[in-house]
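As structure tokens, the structure follows; a few thoughts come after it.
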Amino acid sequence: QVQLVESGGGLVQPGGSLRLSCAASGSIFSMSAMGWYRQAPGTQRELVATITPSLMTNYAESVKGRFTISRDNVKNTVSLQMNSLKLEDTAVYYCQQFFRGREYWGQGTQVTVSS
């Protein structure tokens, strides 16, 4: 059984910071690529950041220099540190786990950037 649970979302002012965390279960975490995606109302889900088992990272152009993805293979968690938040970062953020051609998704956590 693969289960992903996101946490850390909330309300933050523009320019503020927030750290999201995704707790995964199962024995496949260390061998899985992990990612953070987000979806605003009326839009398609978009990639925010990914990290491979070898710690290679990839970021959407809109978040480069502001967001940092990391993973802890002991705790089976992946995090997203978000700095210098903008209004357009408002969305539901989802954690994704990819292993052997299958995708697993969490329920999402709401991030609202507002003054």
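Positions are given from 1, in the same order as the sequence printed here.
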Exercise for the section: Measure the CD1-CG distance between Ile69 and Asn58 for me, rounded to the nearest 0.5 Å. Expected result: 9.5 Å
Exercise for the section: Answer yes or no: is there a donor N or O on one side and an acceptor on the other, between the side chain of Glu6 and the main chain of Gln107, under 3.5 Å? Expected result: yes
Problem - Minimum heavy-atom distance between Ala23 and Thr77, given as atom pair plus value - result: CA-CG2, 4.1 Å
Problem - Nearest non-hydrogen partners of Gln81 and Ser17, listed with the distance - result: NE2-CB, 4.1 Å
Problem - Result of checking Tyr94, Phe98, Trp105 against Tyr37 for ring-ring contact (aromatic ring centres under 6.0 Å, His included) - result: Trp105
Fill in the blank from the handout: Scanning both residues in full, the closest heavy-atom pair of Ser21 with Ser79 reads OG-OG, 4.2 Å
Exercise for the section: Keeping the roles fixed (side chain from Arg100, backbone from Ser32), state whether a donor-acceptor pair exists under 3.5 Å. Expected result: no
Practice task
Determine whether Leu11 and Gln110 make a side-chain contact, defined as any pair of heavy atoms from C-beta on separated by less than 4.5 Å.
Solution key: no
Exercise for the section: May I ask you to test the Pro53-Arg71 pair for a side-chain heavy-atom distance under 4.5 Å? Expected result: yes
Practice task
Kindly indicate, with the supporting measurements, whether the criterion side-chain contact (heavy atoms from CB on, under 4.5 Å) is fulfilled by Val111 and Met82.
Solution key: CA-CA 10 Å; Val111 172; Met82 304 183 293; 3.9 Å; yes
Problem - OG on Ser27 to CZ on Phe99, rounded to 0.5 Å - result: 7.5 Å
Problem - Thr90 side chain near Ser114 side chain, heavy-atom distance below 4.5 Å - result: no
Completion exercise
Heavy-atom closest pair (Leu4 atom, Tyr104 atom, distance to 0.1 Å) is CD1-O, 3.2 Å
Practice task
Give, for atom OG1 of Thr57 and atom CE of Met34, the distance between the pair rounded to the nearest 0.5 Å.
Solution key: 14.5 Å
Handout entry: CD (Gln44) with more than 12 external heavy atoms under 6.0 Å
Key = no
Problem - Option passing side chain to side chain contact (heavy atoms under 4.5 Å, CB included) with Trp36 (candidates Val63, Thr50, Leu20) - result: Leu20
Handout entry: Arg38 and its side chain to side chain contact (heavy atoms under 4.5 Å, CB included) partner, picked from Thr43, Leu47, Leu80, Val48
Key = Val48
Practice task
Compute both the distance and the angle, then confirm whether Arg66 meets the cation-pi test with Tyr59: under 6.0 Å from the six-membered ring centre, within 45 degrees of the axis.
Solution key: no
Exercise for the section: Flag yes if Phe29 and Leu55 sit in one hydrophobic cluster, no otherwise; membership is Ile, Leu, Val, Met, Phe, Trp, Tyr, and two members link when side-chain heavy atoms are under 4.5 Å apart. Expected result: yes
Exercise for the section: Go through the side-chain N and O atoms of Thr52 and Ser54 and say whether any donor and acceptor fall under 3.5 Å apart. Expected result: yes
Problem - Where Val92 and Gly108 come nearest, the two heavy atoms and their spacing - result: CG1-CA, 3.8 Å
Problem - Nearest atoms (heavy-atom pairs only) where Ser70 meets Ile51 - result: CA-CD1, 4.1 Å
Problem - 4.5 Å side-chain heavy-atom contact, Thr109 and Ser7 - result: no
Handout entry: Nearest-0.5 Å distance that lies between atom CG in Leu87 and atom OG1 in Thr112
Key = 11.0 Å
Problem - Met31 atom CE: more than 12 heavy-atom contacts under 6.0 Å - result: yes
